[in-house]
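Below, each value reflects all heavy atoms present in this structure, side chains not excepted, and no hydrogens, waters or symmetry copies. All values reported here derive from a predicted model rather than from experimental measurement.
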Amino acid sequence: MSDLDTWWRDIGNAALLGTARRPVPPLPDLGSAGVLGRSGESSREEALLDAAALGGAAVRAGRRLDHTEPPGAAPDDHRPVAPRRAVQLLELVMTQPPAGAQQRSALLAHWLGAADDADCRVPHALLPTVIALATGARELRRPAAAVLDERGRWLAGLRDEWSWVADASAGAEARTASRTTGTAPHADDWARLPSTDRVSVLAGVRAHDPAAARDLVRATWATDAARDRRAHLDALRIALGPDDEPLLEDALDDRAASVRELAAELLDALPGSARAARMAALLRPLVRRSGLLGRAVEVTLPDEPDPDAVRDGLGKPPPRRSARGWWLEQLCAGAPLELWAELTGAGPVATVKRLTDAHATDALAGIRRAARVRRDPEWAAALLDGGWDPTLVPALPRELRERAVLRRVDATNTKPHHAAAVIAAVEPPWSADYSVALVSRLRAAPQGSAIVVATLPYLVAGLHPAALDAVERWLESTGADHTLTTNLRNLLQFHSVKRSITEAFR
């Protein structure tokens with residue numbers, strides 16, 4: 001960092017903290033420009049204003065190069081430049097974000113992703129701005145690196161603060177290939193990829209070819225750090241199936257506790273696995289029917305587990321949890337849900353209602369986990385009848401999921417942040433019918449302005465275009481509520497620009 005950079009940073013600190021707390025640093029040598037400070041005495045405030053004016057001019061004027069040799073020419077780009085209309089929209093989003101500055105990153109990410117899907121690049125004139133914005137917003141780095149092409153990577157190599165581009169670009173080609181065609185990188189290329197890129201590459205390959213993705217995980221398992229082993233194992237959630245069981249069984253013996261715990265969690269999602277049978281064998285003697293007609297259900301706590309059971313996940317409980325209650329939860333989470341029909345003689349709804357004894361809370365916690373990871377709609381619906389749990393909502397079929405959320409929104413519309421948490425349970429993008437119905441309910445809420453502020457991030461991410469007419473009608477009736485008007489207008493503008501970006505690349 002040069003003397004001028006250090007001085008300019010100190011000027012900013014003085015302006016931020018105030019001249020009473022931070023003195024104004026003296027003017028540095030500006031070289032042949034011959035610029036001098038004000039002659040005579042001046043106040044601290046005047047000195048700060050003078051420094052800001054001179055420093056701003058110096059920064060805009062540029063600085064001497066640290067070396068005299070010009071850089072080599074940039075290689076030729078491989079991608080065509082983005083269409084003219086798309087470039088105009090990119091300029092608009094970067095300079096005058098139509099939906100407000102808070103939504104600029106989301107629109108930029110959408111533009112960069114659409115450009116990558118269309119195999120286009122950022123125009124040369126906009127490269128510095130795109131790189132600078134991605135430097136300040138980490139979520140934009142990987143999508144930006146994919147569309148900078150050769151000129152962008154060459155340009156980024158000329159500034160130290162843009163050094164992230166090299167690492168992000170190393171995996172850009174592999175990420176694009178894995179996402180679009182499911183092409184797995186060669187084992188050697190996979191081993192050389194940065195850790196931050198491996199997970200996205202693995203997810204892309206996994207969606208197309210689960211076996212190839214599993215082979216990638218095994219290829220570097222012995223040399224990967226525990227954090228990477230866990231991250232790679234976590235990517236197997238995509239298309240998880242019986243063929244993954246051998247790898248997960250091996251991971252139960254991993255030297256890292258975090259990896260062992262995740263392996264057990266993933267095996268919870270495989271009710272046909274050998275581990276599920278082992279958990280069922282341990283759970284079966286703990287559950288019995290009681291009462292005159294055998295309709296009550298009693299659950300007892302397990303005894304101290306043997307080493308095999310500890311390997312299967314019955315280890316040390318979390319803080320402030322009863323060890324035996326925790327082991328019961330683990331057994332219920334890992335055993336097949338079909339076991340409960342055998343043990344209770346009833347279906348999910350009746351079983352949930354009959355689990356009322358002293359240990360039912362731990363048992364139901366395990367059943368809830370099993371229903372969640374296996375996406376079992378019948379058990380999820382039965383558990384939701386007993387109380388709201390947003391983590392179970394994704395297990396319901398789409399229509400039932402949306403209906404359950406709308407009912408819950410009706411019950412929480414006087415509490416904006418509670419309603420927002422409910423809406424978050426439905427992953428975007430949303431269906432047309434659900435989007436229209438949700439806008440209608442939000443409009444009817446007694447705290448319309450507050451509820452839109454709380455739910456805006458989810459409306460931005462998920463709202464279907466079919467609901468935009470309803471949003472426009474709502475906007476026309478907002479009256480003097482400036483906050484509501486601004487947020488609804490930003491919502492409309494966001495979706496309008498997003499749609500325009502998508503169409504510009506077709």
Tell me every residue that passes side-chain hydrogen bond (donor to acceptor under 3.5 Å, both in side chains) with [X], counting only those two or more places apart in sequence or in another chain.
X: Arg368; value: Asp389
X: His186; value: none
X: Arg214; value: Asp244
X: Thr502; value: His110

Does this structure show an ion pair linking [X] with [Y], if we count only N-O contacts that are shorter than 4.0 Å?
X: Asp189; Y: Arg192; answer: yes
X: Asp116; Y: Arg142; answer: no
X: Arg260; Y: Glu265; answer: no
X: Asp119; Y: Arg79; answer: yes
X: Asp77; Y: Arg121; answer: yes

Side-chain donor or acceptor of [X] paired with backbone N/O of [Y] under 3.5 Å:
X: Arg374; Y: Ala269; value: no
X: His495; Y: Leu459; value: yes
X: Arg372; Y: Leu392; value: no
X: Thr455; Y: Tyr458; value: no

Can you list everything that forms a side chain to side chain contact (heavy atoms under 4.5 Å, CB included) with [X]? Sequence neighbours excluded, please.
X: Ala341; value: none
X: Pro75; value: Glu150, Trp154
X: Pro429; value: none
X: Asp268; value: Arg275, Ala333, Arg369, Val373

Notebook entry, point to check: Is there any ring pair (Phe, Tyr, Trp, His ring centres under 6.0 Å) pair reaching into residues 423-443, and which pairs are they, with sequence neighbours excluded?
Noted result: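 Those involving residues 423-443 are Trp430-Tyr434.
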
Check: Trp162 ring centre to Arg159 NZ or CZ under 6.0 Å, with the angle to the axis within 45°?
Finding: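 The answer is yes; both the distance and angle limits are met.
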
Note to self: Minimum heavy-atom separation for Pro377 and Pro397, please, with both atom names.
What the structure shows: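 Closest heavy-atom pair between Pro377 and Pro397: CB-CD, 3.7 Å.
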
Note to self: We want to know whether His464 and Asp433 form a side-chain donor-acceptor pair, criterion being a heavy-atom distance below 3.5 angstrom.
What the structure shows: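 No - no donor-acceptor pair under 3.5 Å links their side chains.
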
Notebook entry, point to check: Just checking, is any N or O donor in the side chain of Arg443 or Ser477 under 3.5 Å from an acceptor N or O on the other one?
Noted result: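 Yes, because at least one side-chain N or O of Arg443 sits under 3.5 Å from a partner of the opposite role on Ser477.
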
Next item on the list: Would you give the length of the straight line joining atom CD of Glu472 to atom CD of Glu476, rounded to the nearest 0.5 angstrom?
Entry: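 Going from CD on Glu472 over to CD on Glu476, the span is 7.0 Å.
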
Next item on the list: Check each of Leu400, Leu396, Val352 against Leu384 using the side chain to side chain contact (heavy atoms under 4.5 Å, CB included) test, and report the only one that passes.
Entry: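 The single option meeting the side chain to side chain contact (heavy atoms under 4.5 Å, CB included) with Leu384 is Leu396.
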
Checklist line | CA sep, side-chain torsions, deciding dist, call: Arg506, Asp117, salt bridge (Lys or Arg N to Asp or Glu O under 4.0 Å) | finding: CA-CA 10 Å; Arg506 286 176 181 167; Asp117 290 341; over 6 Å; no

Next item on the list: Answer yes if the ring centres of His232 and Trp190 are under 6.0 angstrom apart, and no otherwise.
Entry: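 Yes, the ring of His232 comes within the 6.0 Å limit of the ring of Trp190, centre to centre.
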
If you draw a 6.0 Å radius around [atom1] in [X], do more than 12 non-hydrogen atoms from other residues or ligands fall strictly inside?
X: Arg321; atom1: CZ; result: yes
X: Arg138; atom1: CZ; result: no
X: Gln96; atom1: CD; result: no

Note to self: Under the rule for salt bridge (charged side-chain N to carboxylate O under 4.0 Å, His left out), what residues qualify as partners of Asp410, not counting sequence neighbours?
What the structure shows: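 Counting only residues at least two positions away or on another chain, Asp410 forms a salt bridge (charged side-chain N to carboxylate O under 4.0 Å, His left out) with Arg441.
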
Notebook entry, point to check: Which class fits the ring pair Trp111 and Phe505: parallel under 30°, tilted 30 to 60°, perpendicular over 60°?
Noted result: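 Answer is perpendicular, since the angle exceeds 60°.
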
Next item on the list: Go through the steps for Ser431 and Glu402 under the test side chain to side chain donor-acceptor pair (under 3.5 Å), then give the verdict.
Entry: CA-CA 9 Å; Ser431 70; Glu402 295 173 350; 3.0 Å; yes

Item checked: salt bridge (Lys or Arg N to Asp or Glu O under 4.0 Å) contacts in which one or both residues fall within residues 411-431, not counting sequence neighbours ->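 Listed once each, the pairs would be none.
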
Notebook entry, point to check: Which residue pairs pass the salt bridge (Lys or Arg N to Asp or Glu O under 4.0 Å) test when at least one of the two sits in residues 488-505, sequence neighbours left out?
Noted result: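 Of all non-adjacent pairs touching residues 488-505, none passes salt bridge (Lys or Arg N to Asp or Glu O under 4.0 Å).
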
Notebook entry, point to check: Are Leu442 and Trp474 close enough, and set up right, to give a side chain to side chain contact (heavy atoms under 4.5 Å, CB included), and what steps lead you there?
Noted result: CA-CA 10 Å; Leu442 296 180; Trp474 188 2; 3.8 Å; yes

